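Below you'll find the structure, written out as structure tokens, and then a few comments.
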2 protein chains.
Amino acid sequence: MGLTKSEIFTSKQNRLALLFKALAHPARMAIIQQLLKMDTCFCGDLVSELGLAQSTISQHLLELKKAGLIKGTVEGVSVCYCIDEKTWNNVKSEVESLFISCSVKNKCC
Amino acid sequence: MGLTKSEIFTSKQNRLALLFKALAHPARMAIIQQLLKMDTCFCGDLVSELGLAQSTISQHLLELKKAGLIKGTVEGVSVCYCIDEKTWNNVKSEVESLFISCSVKNKCC
DNA sequence: CATATTAATCGCAATATTACGATTTATTTT
DNA sequence: AAAATAAATCGTAATATTGCGATTAATATG
């Protein structure tokens, strides 16, 4: 069939999977890293920084926006993007609880 | 075209993207959570735990194995899976450095 | 108001993912 | 050696993703 059976999983599993999916592309990782690093974050800057077409970058920005990781505001002709602090911090604590609190202890193999 | 241009990104960006891709499915999140929680971790247990076909689970296990997140050892007729502690800890610190050390400070929007 | 600039959206082609049933492989038990 | 059990692999269909050029939409400038 080829479509994910979201209904059989917990909402946490689905939420985390969607979050990781948003980060599961090197271009989107590059955008996130750039936004974490830079003060200015115009869409055009990202287009010239990464070696992808403008329409492609725009699509990746949409993916990140749908996941709530970034937000953009119109500034004249340009659009300024940045990390959505609120969602980012939620994500941070969810990922932390997955990776940090659960230490691998039981080895069966 | 439809294929990711890995060559234009840094190895860290590609590495993290591949890691997140492995986690970007609720079934694989469920498997990981189960392996973190349980002592026993036979493939068959996962099949009956999640509501997916055996061949589907097997494919998801392969994805996680390719990403280095889990490993499996044959025990008689069954295969016992568990988190690959070594890779898991590497992943943990990479994800930590992405999320924890980089706090969002500059707001341009 | 016409033109330039920036970014979103559309349409398309290539490729990847997801899921399942059927089959195969490997091991254990009879 | 034959039968049973568990898991990997194969083949296939449905759907999703990636990327780009072309177009559209919105704002700014001459």
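Computed from a predicted model, the values in this text were never measured in an experiment. Chain naming here is simple, since letters A, B, ... match the order of the sequence lines and numbering starts at 1 in each.
In this model, the phosphate group of D:dA16 is not approached by any side-chain N or O of A:Lys21 to a distance below 4.0 Å at OP1 or OP2. The side chain of A:Thr56 places no N or O atom within less than 4.0 Å of a non-bridging phosphate oxygen (OP1 or OP2) of D:dT18. OP1 or OP2 of C:dC20 sits under 4.0 Å from a side-chain N or O of A:Lys5.
Distance check: A:Lys71 NZ to A:Asp84 CG gives 5.0 Å after rounding to the nearest 0.5 Å. Between the OG1 atom in A:Thr4 and the CG atom in B:Leu52 there is a gap of 9.5 Å [rounded to 0.5 Å].
Between A:Ile8 atom CD1 and C:dA19 atom P there is a gap of 8 Å when expressed in whole angstrom units. With rounding to whole Å, B:Glu7 atom CD is found 12 Å from D:dG19 atom C1'. Computed from coordinates, the A:Lys66 NZ to D:dA16 P distance equals 11 Å when rounded to whole Å. The CZ-P distance, from A:Phe20 to C:dT17, rounds to 18 Å in whole Å. We find that CD of A:Glu75 is positioned 15 Å from C1' of C:dT5, with the value rounded to whole Å. Between A:His25 atom NE2 and C:dT15 atom P the separation is 15 Å, expressed in whole Å. Rounded to whole Å, atom P of C:dG21 lies 13 Å from atom CD1 of B:Ile57. Distance CG (A:Leu61) to P (C:dA7): 9 Å, rounded to an integer number of Å.
A:Ser78 places no side-chain N or O within 3.5 Å of a backbone atom of A:Val74 that could act as its donor or acceptor partner. Looking at B:Gln13, its side chain does come within 3.5 Å of a backbone N or O of B:Thr10 through a donor-acceptor pair. Between the side chain of B:Asn14 and the backbone N or O of B:Ser6 there is at least one donor-acceptor pair closer than 3.5 Å.
Out of C:dC20, C:dT18, C:dC10, the shortest distance to the side chain of B:Ser55 is found at C:dC20. Taking only side-chain atoms of A:Ala53, from C-beta outward, the nucleotide of C:dT6, D:dG21, C:dT27 with the closest atom is D:dG21. Distance from the side chain of A:Leu3 is smallest for D:dT15 among the nucleotides C:dT6, D:dT15, C:dA19. Of the candidates D:dA7, C:dA8, D:dC20, the closest approach to any side-chain atom of A:Val79 belongs to C:dA8. Among D:dT5, D:dA7, C:dC20, the nucleotide with an atom closest to any side-chain atom of B:Val77 is D:dT5. For B:Phe42, counting side-chain heavy atoms from C-beta on, the closest listed nucleotide (C:dA16, C:dT9, D:dA7) is D:dA7. Side-chain atoms of B:Ser58 lie closest to D:dA7 of the nucleotides C:dT5, C:dA7, D:dA7.
Summary of the strand contacts: A:Asp45 and B:His60 both lie near DNA chain C, and taking for each the nucleotide with the nearest heavy atom, the more 5' one is attributed to A:Asp45. Each of B:Glu63 and A:Gly44 lies near DNA chain C, and the nucleotide nearest A:Gly44 is the one positioned closer to the 5' end. Of the two residues near DNA chain D, A:Val74 and A:Ala24, the one whose nearest nucleotide lies more 5' is A:Ala24.
With respect to B:Glu63 and B:Arg28, no salt bridge is recorded, no charged nitrogen being found less than 4.0 Å from a carboxylate O.
Within the nucleic acid shown, A:Leu52 comes within 4.0 Å of sugar-phosphate atoms alone, with no base atom in reach, counting heavy atoms only.
On a pure distance criterion of 3.5 Å, no polar donor-acceptor pair joins the side chain of B:Gln54 and the base of D:dA6. Residue B:Gln59 places a side-chain atom within donor-acceptor reach of the base of C:dA19, judged by atom type and a 3.5 Å distance cut-off alone.
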